[in-house]
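As the structure lists them, so they are numbered: ligands from 1, and atoms in each ligand from 1.
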Amino acid sequence: MSIEFSSKFAKNLSLPKHQQSVSATITALASAAEQISQLCARGPLESAFGALAGTANSDGDQQKALDVRTDEIITAALKTVPVAYYASEEQDDIITLDESQPLAVASDPLDGSSNIDTNVSIGTIFAVFPKAETAEASFLRVGTDQLCAGFFVYGPQTSLVITTGDGTELYVLDRTDNVFKLAIAEMHIPEDAHEFAINASNTRHWDASIRAYIEECQHGEAGPLGAKQNMRWIGSLVADANRILMRGGIFLYPEDDRNGYEHGRLRLLYEAAPVAFIIEQAGGSATDGHTRILEKSLKTLHQRIPFIFGSKNQVKRVMYHKR
Ligand code: FDP
């Protein structure tokens, strides 16, 4: 397994701040992703696929056997590259791999895992930071400190969306020679689009601003947006983000009045910060409704955050209601 990095990407990765170590780390993650995609592709043929592991992660979410297995695969891959610390959505605490190394990696090893047994696209999200003084300080920081962020999607295609802060690229795994190949060199999210994604079963729990925006969407051409707004909700962040990268639209997982959802559902470190970096680099916006996600400072490892991202003007309209 290898990646044919674009010349722009390879040039950026050779900058001194990357110390050659980021490209090795991405390649190791891609190799792990290839293994995970094989497990996902075998689906129910794989023993214990989708079965509950009988454990819960630090957020209290039930872990599935595949959540645990993918975390082991990612950990093993990171042990082979210059990574000091690994923070996983599936682990309570940071894992120290080799303190002498220059990088820290955060990952949601299997995002969208409640979709495992339904044969819907799921994925692995990761963020790469330069190591700081301590393990904690390596992750408790702002998203703008990321050197690189990406996600793999295990769907009809196994793909990698990635940024190092100079645009967002899409690679697709070519099974004929097992190489991730460049498919789109410059992903671009249109500023205006007519699609929205939200779990509407939570309508009664939203605040007035979210209700106002979704009502505008539902009024379509008859409302203030002046055009029909289509709805899509896959319920797998990587799949919804991938669609928005391909054709625009907006994703919302806002805070609501359910217990435990006061700050939304998604995690700042493992999900929102890396996806926000990718989205902004493709010309979109990513906020918590008020502030740019990448400027939010992480206070605790598993912190949640309201997450609203996608086409600039759609995100702007939600922020207008949030004033
Ligand atoms: P999952 O729990 O299946 O891993 O962050 C987790 C996530 O899925 C996202 O991928 C997805 O967007 C969201 O949760 C779905 O949440 P709801 O089930 O509340 O809609």
Side-chain angles (χ1 to χ4, degrees), residues 33 36 39-40 43 49-53 55-71 74 87-91 106-127 149-155 159 161 195-206 210 214 231-245 249-276 278-279 284 286-289 293 298 301-310:
I36 297 169
L39 289 176
C40 293
F49 182 86
L52 291 177
T55 50
N57 66 17
S58 56
D59 285 317
D61 296 342
Q62 277 293 318
Q63 285 177 311
K64 296 204 167 171
L66 205 58
D67 282 316
V68 176
R69 182 76 195 105
T70 53
D71 191 36
I74 301 282
S88 165
E89 198 233 299
E90 298 301 331
Q91 304 281 342
S107 173
D108 179 354
L110 200 59
D111 180 72
S113 61
S114 55
N115 283 318
I116 286 176
D117 23 24
T118 64
N119 199 13
V120 160
S121 295
I122 50 184
T124 298
I125 309 174
F126 63 91
F151 62 76
F152 296 93
V153 180
Y154 314 120
S159 61
V161 173
E195 228 162 38
F196 67 104
I198 192 164
N199 184 339
S201 72
N202 299 321
T203 305
R204 67 192 181 285
H205 299 292
W206 299 334
I210 299 296
I214 298 301
M231 205 201 87
R232 286 285 182 276
W233 177 253
I234 301 174
S236 185
L237 175 64
V238 288
D240 280 310
N242 203 73
R243 182 191 62 253
I244 288 171
L245 283 158
I250 186 170
F251 172 102
L252 306 95
Y253 211 121
E255 71 279 26
D256 65 45
D257 70 10
R258 287 174 294 163
N259 261 345
Y261 287 78
E262 300 81 3
H263 304 289
R265 173 181 171 91
L266 303 178
R267 293 80 172 168
L268 177 53
L269 176 61
Y270 312 107
E271 297 170 308
V275 170
I278 290 162
I279 293 290
T287 82
D288 65 351
I293 291 287
L298 189 78
L301 215 51
H302 295 281
Q303 182 181 331
R304 295 178 193 258
I305 191 151
F307 194 23
I308 298 163
F309 69 85

Mind checking whether D240 contacts ligand 1 via backbone (N, CA, C, O), side chain (CB onward), both or neither, at a 4.0 Å heavy-atom cut-off?
neither

Side chain, backbone, both or neither: which part of N199 has a heavy atom under 4.0 Å from ligand 1?
side chain

Parallel, tilted or perpendicular for Y261 and Y253, by the 30°/60° rule?
parallel

N/O separation below 3.5 Å, [X] to ligand 1:
X	value
G112	yes
R265	yes
D111	yes
Y261	no

Answer yes or no: are there more than 12 heavy-atom neighbours, outside N119 itself, under 6.0 Å from its atom CG?
no

Show the atoms of ligand 1 that are less than 4.0 angstrom away from any heavy atom in [X].
X	result
Y253	16 (O), 17 (P), 19 (O), 20 (O)
L237	9 (C), 10 (O), 11 (C), 12 (O)
E271	5 (O), 6 (C)
R267	5 (O), 6 (C)

Supply the atom-to-atom distance S107 OG to Y270 OH, rounded to the nearest 0.5 angstrom.
9.5 Å

Any chance you could measure D288, atom CG, to I305, atom CD1, to the nearest 0.5 Å?
5.0 Å

Side chain to side chain, N242 and F151, heavy atoms closer than 4.5 Å:
yes

Per side chain to side chain donor-acceptor pair (under 3.5 Å), Y154 is matched among T124, D111, T70 by T124

I'd like the name of whichever of A239, A272, S114 reaches closest to atom 3 (O) of ligand 1 through any heavy atom.
S114

